[in-house]
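Notes follow the structure.
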Amino acid sequence: MSPSPAQRAEVLRRQIDEAGKAYYDRDEQLIPDAEYDRLVRELEALEQAHPELVNADSPTQRVGGKAASRFAEVRHAVPMLSLGNAFSDEEVQDFVRRISERLRRDTVRFSAEPKLDGLAISLRYESGRFVQGATRGDGTMGEDVSANLRQIKVIPHTLQGSGWPQVLEVRGEVYMARADFEAYNADARLHEGKVLANPRNAAAGSLRQLDPKMSARRKLSFYAYGIGEVRGGELPPTHSATLAQLNEWGFPVSELCQVVEGGEGLLAYYRDIGERRDGLAFDIDGVVYKLDDRAGQEQMGFVSRAPRWAIAHKFPAQEQTTTVEAIEIQIGRTGAATPVARLHPVAVAGVIVSNATLHNADQIERLDVRVGDTVIVRRAGDVIPEVVSVIADRRPAGTSPWRMPTECPVCGSEIVREEGAAAWRCSGELSCPAQRKEAIAHFASRRAMDIDGLGDRFIDLLVETEVIRSPADLYTLTIDDFLLVKFVLDSERESIDSDLRAIIATDANERTRDLFGKESDVKSAFDPVNLAGDAWRAYVFGLLRQSGATFDWPKKHARKWAENLRDAINASRTPTLERLIFALGIQHVGESTAKALATWFGDLELIRHLPWPLFKRVPDIGGEVARSLGHFFEQPGNQEAIDALLQVGQVRISDAHPPSAKLRDGLDFAQLLVEAEIPGITRLRAEKLVAMLPDAASVLDAEPVQLVAAGLPNEVALGVADWLDHDGHGPMLLKADEYRRTLLERAPEATSQSEGPLEGQTVVLTGTLAQMSRDEAKERLEALGAKVAGSVSKKTSFVVAGTEAGSKLTRATELGIDVWDEDRLVAFLAAH
DNA sequence: GATCCTCGAGTTCA
DNA sequence: CTCGAGGATC
């Protein structure tokens, strides 16, 4: 027979009481936390179902029960002071000098400690028993969080050893270890609980939980670093000895505490801890130096609320709080709308941060970032600032959740989200100036056409003034064009050439005369403020360009600059095929795909007219990328842009060659039908079909009946007929077959290539190489047949590590992958 | 269908 | 550097 609810409740209470007593009174853990939790929860459930079983003795009433609505206030008998801060070596030296001068000592001994990023608290012991614990509060009044502090295992409930004063206040930091923080958040994510921003907030939040059970679930730790009120006893005469004494009485004291001498000792300690910082189990935001002997401390005294004998030497903050002034969206090259938080400028890890990416709309929703919010900003590990979380308590009234705008802020087109995708896109494509700018900037970038000296700022202006609309226009620009645009950029221009005035004055357009006719107005009319973002400006620029005016205005160095730019543009006229394809900025086509296209097809004409299913013949190109290529080349505008580059721009590809022989492998007409992804067409069916209808034209002309006669099931035949009628599939198939034949004609017979010594090997480069650039190393390795990948995996053959190699090297070591140093690479390259 | 790997795209500041 | 997603592979 199972026990009655009353009996079961009794058993549970006894178990919980025993475990609790052992834990509180003797610091013993009889049962694991999880088990303890389970028992309590079972009892709670039982009591809820049978309220008559509840009595005042029940552990549920004592541990949690009706928690106080807020914490009681506690007055600190000895105030909890704050510390002065030092951020530089000089400030530390000043601190040391002040002490040695006032105390008239040549050498000063300090106790140096890590400064934990947690929550300062004070623990009060009377007759060796813990009686009360309080937060720092404003230094004089704190909050009584005794119940929560009792849940922290490392805080003794009774003092060990002997010799403790009658009344002893121990001060220290409550913190959450990184591992516990990670574990807590992993669990919270799993159970859709509240994810905490950082260990500090986690610790603070936990201590302020009204329900000690909640607090108990979060594993907090504690380090003692000082004392408050002491009555009825003596403590050792130095701070370091006091810490050792506290440790004997049962308090955890950081092992990083050290006694050092003089300013040099302090700075050496600071640097040492700084280097070990990332490897510590907990977060620290600096170190603290305290004059070691108490007599000296008393002599030094206090300034306002901080002791003159101690100082905190802070590390540059890696995390900071600031406010969100606005959330704007940026339009990228592909039209992707990326929200960016404009922040009140704040120093994070040594630089001033005023922008932080919010990645995408989902991310904003997850964090619920709103304009006006106070947020935590971090530069995690790397460089790029990100918003970690919102501080909910500091949200001003009247905010509303951020919503993705429905219109592009630049061109006004609709912003749409592709089905299932995370990104929202401006639908304006190349009619959107933002996308045009980015497209041109991409075209000119180092890894594409490599036009040196054509900066973003200048491209913006070229596009805004409509001096250029497409990459090809770059090649038509004259030195005067550059100077004209530069003219707007240059705030120090003094005079305007008389030719220019003459043109303006004689222009037929009344508005031109109105604006520019009077000499006194000419300057202000060209002021960037008056010209900003206006179709009118474009008109004026057009006018000036047409006139063929020349400028005396530019200073000599400006003319030199313009000549350099022209030379750089000229020099970019003979790109390799792979660079040109990459420069076109086709979605999903980055450097490596561009290179694959170039090496496999070898010829721009072939690529730009190829029916898209054939792109899938290239390894690493699948349906999505092939379709994207097809979509790009189908746009008449894009084809015109390419024509313009070749004809007007006189761009000549330097490395055309016949397509790769491998492209013809198995590429008969039947295979083409399969690769065109016609619904229902398998290889087998395609072969049957081709037996009767041997070329594209006959397939196109066929009635569904004939398709059935050729061996296709009814439904498939109808599907094929339907497919051929749709979306230009029919003509495309025709073209595809035509190109199939071209490929067959132009591709040479397969020849056995001479294999490089690294054929089939995958190499990863990391760190900084001294003797060559990463790009150069990559090129030379590829020339030997290696594949150079960006990240380390099981498949990696070996890793070449330069100096300051980072995570990739770590990963290589973990996976047991060969690591070469630079010398070995250089020797290998020289040998082959 | 799941899993692993790689590529593309976007990002900040001095 | 990191995230998301495409491609290859089992």
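By convention in this document, chain letters (A, B, ...) are assigned in the order of the sequence lines, proteins followed by strands, and residues within each chain are numbered from 1.
- The separation between A:F615 atom CZ and C:dG6 atom P is 18 Å, rounded to whole Å.
- The CD1 atom of A:I581 sits 16 Å away from the C1' atom of B:dC7 (whole-angstrom rounding).
- Closest to the side chain of A:T762, out of C:dG6, B:dT6, B:dC7, is B:dT6.
- Distances were taken from every side-chain heavy atom of A:A336 (C-beta onward) to each of B:dG10, B:dT12, C:dG7; the shortest belongs to B:dG10.
- One can place NZ of A:K437 at 16 Å from P of B:dG10, the figure rounded to the nearest angstrom.
- At distances below 3.5 Å, at least one donor-acceptor pair connects side-chain atoms of A:R617 with backbone N or O atoms of A:L663.
- Summarising the geometry, the separation between CD on A:E624 and P on C:dA5 is reported as 11 Å, rounded to the nearest angstrom.
- Note on A:T593: a side-chain N or O is less than 4.0 Å away from OP1 or OP2 of B:dG8.
- At least one side-chain nitrogen or oxygen of A:T334 sits closer than 4.0 Å to the OP1 or OP2 atom of B:dG10.
- A straight line from CZ of A:F582 to C1' of B:dG8 spans 9 Å, rounded to a whole angstrom.
- Side-chain N or O atoms of A:H588 include none that pairs as donor or acceptor with a backbone N or O of A:V625 at under 3.5 Å.
- Side chain of A:T357, nearest nucleotide from B:dT11, C:dA8, C:dG6: B:dT11.
- If A:G335 and A:N355 are placed on DNA chain B by their nearest nucleotide, the residue sitting closer to the 5' end is A:G335.
- Here A:D668 pairs with A:R683 in a salt bridge; the nearest charged N to carboxylate O distance falls below 4.0 Å.
- Distances were taken from every side-chain heavy atom of A:R333 (C-beta onward) to each of B:dG10, B:dT12, B:dC13; the shortest belongs to B:dG10.
- Picking from C:dA8, B:dG10, B:dC13 the nucleotide with the shortest atom distance to the side chain of A:T338 gives B:dG10.
- Of the candidate nucleotides B:dA9, B:dC7, B:dT11, B:dC7 has the atom nearest to the side chain of A:S592.
- Using a 30° and 60° split on the angle between ring planes, A:W820 and A:F798 fall in the parallel class, below 30°.
- A close approach under 4.0 Å does occur between a side-chain nitrogen or oxygen of A:Q330 and OP1 or OP2 of B:dT11.
- A:D456 has its CG atom 13 Å from the C1' atom of B:dT11, to the nearest Å.
- In this structure, CG of A:L343 is placed 10 Å from P of B:dT12, rounded to the nearest angstrom.
- A donor-acceptor distance shorter than 3.5 angstrom exists from the side chain of A:R608 to the backbone of A:Q639, with no hydrogens or angles considered.
- A:L629 places its CG atom 10 Å from the P atom of C:dG7, with the value rounded to the nearest Å.
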